[in-house]
Novice: 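My questions will all concern the structure given below.
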Amino acid sequence: MRAVVVGGGLAGAAAALELASRELEVTLVSAGAGATALSFGSLDVAVPSPGVSGLPLRDATATRLLSPRERLAACLRTRPRHPYATLFGHSGAGSAESAATDAVKSAAASLDGWLAPSGLRVEGGLDSARLLANVRGALRASDFAFTGPAEGDLQGAAEVEVAAIAGLAQHDARPLARALAAEFAAIGLARPALRVVPLPLPGGFVADGGSPARLAARTDTEEGLGVLLEAVAGRHRDEARFRRADGERRLLLLPPILGFSGVKAKLARLREAAGCRVAECLGAPPASPAGLRLVRALDAALSREGVVVKQGRVCALERTGRRVCAVRLSLREGASHTEERLEAEAILLATGRFLGGGIHEREGGVHETLLDLPLYDGAGVRVDGLAARRLVGPSPEGPQGLFSLGVRTDSCLRPLGSDGAPLFENLFAAGDLVGGFDSAVERTGLGVALLTGLRAAAEMGRLVEEESP
Ligand SMILES: Cc1cc2nc3c(=O)[nH]c(=O)nc-3n(C[C@H](O)[C@H](O)[C@H](O)COP(=O)(O)OP(=O)(O)OC[C@H]3O[C@@H](n4cnc5c(N)ncnc54)[C@H](O)[C@@H]3O)c2cc1C
């Protein structure tokens, strides 16, 4: 049987890897980078966010920080249209919670296995949250995070040294440290001692307008990493007299500059040079190398596991009755384009939303790009054909239909028509294309991508088994 996955973000890549592990023939078609490539370094399964409509940070009496497991349960209980409720049930019953917890553990372990050969690990879990800082000094309670920021848990750190790098754009150590202090005060937690520590990098090392991504590319070379190691070791010697905390309770916080591969090994060497824990900050707009790092590690895994990847754009799906049977794609080869047709017994749309290209606005209304599938906002209202501006709420804290819209699916992740029945027997959807959540508010973005990608792959596998002679 042949499966086609449309989309090369986390949802599509996870599905393709899972299908390959079930020894199914799978082709992944990707038109390029989507939201996954822009992500900031955490794998949010059920993370609180500062907005009033986000998942809660504390319990109902506001005395205790909720564990990620409790927040996942709260998501299932209170958000009946969230994709987690579609996957695990939304009754709030213990069975839904334990199914969700088991699925999260197993999904994180699978992803970790696929990324580890590229030196990227999935760290964390549902038992306790880590408190991570982003490059603006905002505090993020995180359940899972990738190597780099994951090592930067501020809990348990008595002293945090914020590295200042002269000339580096999008990273200003002093405001970061001030914002971090204010964040700790705002949530009422004791804060570590915060100190800004200039890293003396040689002139010209931070070049090309000071872009963190360019600096990250430099630390991918042994020479560039050597320069960074020398600066960190030099600082460690010079700063010895200021230190109060021992190595484990001290944390050196770097901007996200540790390159696009082998981050785990780089951190180990930096830790030795600094004599303390070392981590990167989480990214923040406009960009972060963390997302590109994740996409590269996924691409390496796809290649290792034998998934055929085609760089091109699916332009149309062919259908017969209630089945989709082939995709037609336009492939880029240098400056020229060729067309190809791929037959498939099951097709997954993991095309994302506006950033990925799965949803777009045309002729004054929002539409699903490939089949004009019905779209629903987070309140369950059908919205395809409506102008994007009509889906923007009046208050930034209130619900934003534009950012929670997507297809509605059954529990097998098959897109539903307006009558509530699956439109096709063998068409599936995963990731941001599935509506009912706003990843900026609920902070469940990559968690949904991973869990729906894996579930869709399992359902595609089941379909094949049922249909095999
Ligand atoms: C700036 C930013 C930062 C974020 N940071 C985080 C974070 O730190 N942690 C977190 O958990 N979540 C984060 N999120 C949310 C998270 O990134 C998304 O929820 C997640 O990446 C969605 O993955 P996806 O695979 O569904 O879609 P995408 O990553 O958008 O992938 C869609 C894919 O489909 C392809 N595609 C679309 N149409 C076609 C077509 N016709 N033919 C072929 N290919 C096609 C695209 O080229 C792309 O490869 C962030 C989001 C943004 C915007």
Side-chain angles (χ1 to χ4, degrees), residues 4-16 27-47 49 68 83 108 111 122 124 132 134-135 138 140 142-146 148-150 256 280-295 298-299 302 309-317 327-332 340 342 347-360 368-371 403-404 406-407 413 429-435 437-454 456:
V4 169
V5 172
V6 190
L10 180 60
T27 301
L28 181 145
V29 188
S30 171
T36 304
L38 297 174
S39 58
F40 296 143
S42 58
L43 168 74
D44 301 335
V45 170
V47 169
S49 69
L111 183 62
V122 180
L132 307 179
N134 80 3
V135 288
R140 300 283 185 227
S142 133
D143 35 34
F144 293 88
F146 299 103
E280 293 179 305
C281 297
L282 288 169
S288 155
L292 280 179
R293 193 182 282 165
L294 171 60
V295 169
L298 288 170
D299 287 348
L302 290 166
V309 176
K310 293 187 181 274
Q311 298 296 336
R313 181 169 293 280
V314 170
C315 313
L317 273 76
V327 299
R328 277 190 277 128
L329 51 143
S330 161
L331 294 167
R332 288 189 304 266
E340 195 174 324
L342 288 176
I347 296 175
L348 172 65
L349 297 183
T351 47
R353 290 188 192 156
F354 295 101
L355 280 169
I359 297 174
H360 68 173
E368 189 281 319
T369 310
L370 287 169
L371 288 164
F403 304 128
S404 59
V407 300
L413 292 171
D432 271 3
L433 181 64
V434 179
F437 74 109
D438 176 343
S439 70
V441 171
E442 274 135 3
R443 308 234 6 252
T444 54
L446 288 172
V448 167
L450 179 62
L451 289 162
T452 55
L454 294 180

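Atoms within a ligand are numbered from 1 in the order they appear, just like the ligands themselves. Hydrogens, waters and symmetry mates are skipped; everything else that's a heavy atom, side chains included, is used. Along the sequence shown, residues carry numbers from 1.
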Novice: For ligand 1, does Leu355 get within less than 4.0 Å through its side chain, its backbone, both, or neither, judged by non-hydrogen atoms?
Specialist: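 The answer is the side chain.
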
Novice: Classify the contact between Val448 and ligand 1 as side chain, backbone, both or neither, using a heavy-atom distance cut-off of under 4.0 Å.
Specialist: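 For Val448, there is no contact with ligand 1 at all, from either part.
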
Novice: Of all the non-hydrogen atoms in the protein, which one sits nearest to atom 13 (C) of ligand 1, and at what distance?
Specialist: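 The protein heavy atom lying closest is Ser39 CB, 4.0 Å.
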
Novice: From atom 1 (C) of ligand 1, is the closest protein heavy-atom distance below 4.0 Å?
Specialist: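 Yes, because at least one protein heavy atom sits under 4.0 Å from atom 1 (C) of ligand 1.
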
Novice: Looking only at non-hydrogen atoms, which of Asp438, Thr351, Val295, Val434 approaches atom 39 (C) of ligand 1 most closely?
Specialist: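 Among Asp438, Thr351, Val295, Val434, the closest heavy atom to atom 39 (C) of ligand 1 comes from Thr351.
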
Novice: Looking at atom 8 (O) of ligand 1, what's its closest protein heavy atom, distance included?
Specialist: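 Sorting protein heavy atoms by distance from atom 8 (O) of ligand 1 puts Phe40 N, 2.9 Å first.
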
Novice: Keeping Asn134 on the side-chain end and Leu282 on the backbone end, is there a donor-acceptor pair under 3.5 Å?
Specialist: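 Judged by distance alone, no pair lies under 3.5 Å.
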
Novice: Taking the side chain as C-beta and beyond, is there a heavy-atom pair between Thr27 and Lys310 under 4.5 Å?
Specialist: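 Yes, at least one pair of side-chain atoms sits under 4.5 Å.
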
Novice: Main chain of Val434, side chain of Arg353: is a donor-acceptor contact present, judged purely on distance under 3.5 Å?
Specialist: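 Yes, Arg353 side chain to Val434 backbone: donor-acceptor pair under 3.5 Å.
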
Novice: Could you name the option among Thr36, Asp143, Leu446 that has the heavy atom nearest to atom 24 (P) of ligand 1?
Specialist: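 Answer by nearest heavy atom: Thr36.
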
Novice: Counting N and O atoms only, with roles assigned by atom type, does the side chain of Ser439 sit under 3.5 Å from a partner on the main chain of Thr444, one being a donor and the other an acceptor?
Specialist: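 No.
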
Novice: Quick one: does any side-chain atom of Thr452 pair with a main-chain N or O of Val448 as donor and acceptor, under 3.5 Å?
Specialist: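 Yes; at least one donor-acceptor contact below 3.5 Å.
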
Novice: Under 4.0 Å from a heavy atom of Ser30: which atoms of ligand 1 are those, numbered in the order shown and with their elements?
Specialist: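 The list of qualifying atoms is 44 (N), 49 (O).
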
Novice: Among all protein non-hydrogen atoms, which one is nearest to atom 9 (N) of ligand 1, and what is the separation to 0.1 Å?
Specialist: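 Ranked first by proximity to atom 9 (N) of ligand 1 is Ser42 O, 2.7 Å.
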
Novice: Is the NZ or CZ atom of Arg293 both under 6.0 Å from the centre of the six-membered ring of Phe40 and within 45° of that ring's axis?
Specialist: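 No - Arg293 does not lie over the ring of Phe40 by the 6.0 Å and 45° rule.
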
Novice: Atoms of ligand 1 less than 4.0 Å from Gly431 heavy atoms?
Specialist: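 Numbered from 1, ligand 1 contributes 26 (O).
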
Novice: Of the listed options (Pro285, Gly352, Ala31, Gly32), which comes nearest to atom 48 (C) of ligand 1 when hydrogens are ignored and any heavy atom counts?
Specialist: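 The option holding the nearest heavy atom is Gly32.
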
Novice: Do any N or O atoms from the side chain of Thr369 and from the backbone of Gly358 form a donor-acceptor pair under 3.5 angstrom?
Specialist: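 Side chain of Thr369 to backbone of Gly358: a pair is present.
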
Novice: Could you check atom 17 (O) of ligand 1 against the protein and tell me its nearest heavy-atom contact, residue, atom and distance included?
Specialist: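 Of the protein heavy atoms, Ala35 O, 3.4 Å lies nearest.
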
Novice: Are any of the side-chain heavy atoms of Val6 and Leu348 separated by less than 4.5 Å?
Specialist: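 Sidechains of Leu348 and Val6: no contact.
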
Novice: Considering non-hydrogen atoms of the protein only, which is the closest contact for atom 25 (O) of ligand 1, and what is the distance?
Specialist: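 Going by distance alone, atom 25 (O) of ligand 1 is nearest to Ala11 N, 3.1 Å.
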
Novice: Taking the side chain as every heavy atom from C-beta outward, state whether Arg140 and Arg443 have any atom pair closer than 4.5 Å.
Specialist: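 Answer yes - side chains close enough.
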
Novice: Out of Ala15, Gly358, Gly356, whose heavy atom is nearest to atom 46 (C) of ligand 1?
Specialist: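 Shortest heavy-atom distance from atom 46 (C) of ligand 1: Gly356.
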
Novice: Quick one: look at Ser439 and ligand 1, take heavy-atom pairs under 4.0 Å, and tell me if it's side chain, backbone, both or neither.
Specialist: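 Under 4.0 Å from ligand 1, Ser439 contributes side-chain atoms alone.
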
Novice: Does any non-hydrogen side-chain atom of Leu342 lie less than 4.5 Å from one of Val29?
Specialist: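 With C-beta onward as the side chain, the pair touches.
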
Novice: Of all the atoms in ligand 1, which lie at a distance below 4.0 Å from a heavy atom belonging to Val29?
Specialist: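 Taking each heavy atom of Val29 in turn, ligand 1 has 43 (C), 44 (N) under 4.0 Å.
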
Novice: Relative to ligand 1, is Ala350 under 4.0 angstrom through side chain, backbone, both or neither, heavy atoms considered?
Specialist: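 Within the 4.0 Å criterion, Ala350 contacts ligand 1 through backbone atoms alone.
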
Novice: Out of all atoms in ligand 1, which are within 4.0 Å of some heavy atom of Gly9? Include the element for each.
Specialist: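 Heavy-atom distances to Gly9 below 4.0 Å select 25 (O), 29 (O), 31 (O), 33 (C), 49 (O).
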
Novice: Under 4.0 Å from any heavy atom of Gly41, which atoms of ligand 1 are there?
Specialist: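 Ligand 1 atoms under the 4.0 Å threshold to Gly41: 8 (O).
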
Novice: Return a yes/no value for Arg353: is any of its N or O atoms, backbone included, closer than 3.5 angstrom to an N or O of ligand 1?
Specialist: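 No, since none of the N or O atoms of Arg353 sits under 3.5 Å from an N or O of ligand 1.
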
Novice: To which protein heavy atom is atom 40 (C) of ligand 1 closest, and what is the distance rounded to 0.1 Å?
Specialist: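 Ranked first by proximity to atom 40 (C) of ligand 1 is Val314 N, 3.7 Å.
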
Novice: Does Asp44 use its side chain to pair, donor to acceptor, with the backbone of Leu446 at less than 3.5 Å?
Specialist: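 Between the backbone of Leu446 and the side chain of Asp44 there is no qualifying donor-acceptor contact (under 3.5 Å).
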
Novice: Taking the side chain as C-beta and beyond, is there a heavy-atom pair between Leu294 and Ser39 under 4.5 Å?
Specialist: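 Of all side-chain heavy-atom pairs linking Ser39 with Leu294, at least one is under 4.5 Å.
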
Novice: Contact between Cys315 and ligand 1, counting heavy atoms under 4.0 Å?
Specialist: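 Contact absent.
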
Novice: With a 4.5 Å limit on heavy-atom distance, are the side chains of Phe146 and Leu43 in contact?
Specialist: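 Phe146 vs Leu43: side chains touch.
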
Novice: Hey, which atoms in ligand 1 end up nearer than 4.0 Å to a heavy atom of Gly312?
Specialist: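 Those qualifying, in numeric order: 43 (C).
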
Novice: So for Thr369, does at least one of its heavy atoms come nearer than 4.0 angstrom to any atom of ligand 1?
Specialist: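 No, Thr369 has no heavy atoms under 4.0 Å from ligand 1.
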
Novice: Does any N or O atom in Leu10 lie less than 3.5 angstrom from one in ligand 1, N or O only?
Specialist: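 Looking only at distances, the answer is yes, because the N/O contact criterion of under 3.5 Å is met.
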
Novice: Please find the pair of heavy atoms, one from Ala16 and one from Leu302, that lie closest to each other, and give the distance.
Specialist: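 What the structure gives for the nearest pair is CB-CD2, 3.9 Å.
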
Novice: Measuring only between side-chain heavy atoms, which start at C-beta, is Leu370 closer than 4.5 Å to Leu349?
Specialist: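 They are in side-chain contact.
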
Novice: Can we say Glu340 and Arg328 salt-bridge, meaning some charged N sits less than 4.0 Å from an Asp/Glu carboxylate O?
Specialist: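 Looking at Glu340 and Arg328, the cut-off is not met.
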
Novice: Checking a contact table here: which protein heavy atom is nearest atom 35 (C) of ligand 1, and how many Å away?
Specialist: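 Ranking protein heavy atoms by distance from atom 35 (C) of ligand 1, first comes Gly7 CA, 3.6 Å.
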
Novice: If you have a sec, work out which protein heavy atom is nearest atom 18 (C) of ligand 1 and how many Å separate them, to one decimal?
Specialist: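 Nearest neighbour among protein heavy atoms for atom 18 (C) of ligand 1, to 0.1 Å: Asp432 OD2, 3.5 Å.
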
Novice: Applying a 4.0 Å heavy-atom criterion (strictly less than), which segment of Asp44 is in contact with ligand 1: side chain, backbone, both, or neither?
Specialist: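 Asp44 to ligand 1: contacts from backbone and side chain alike.
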
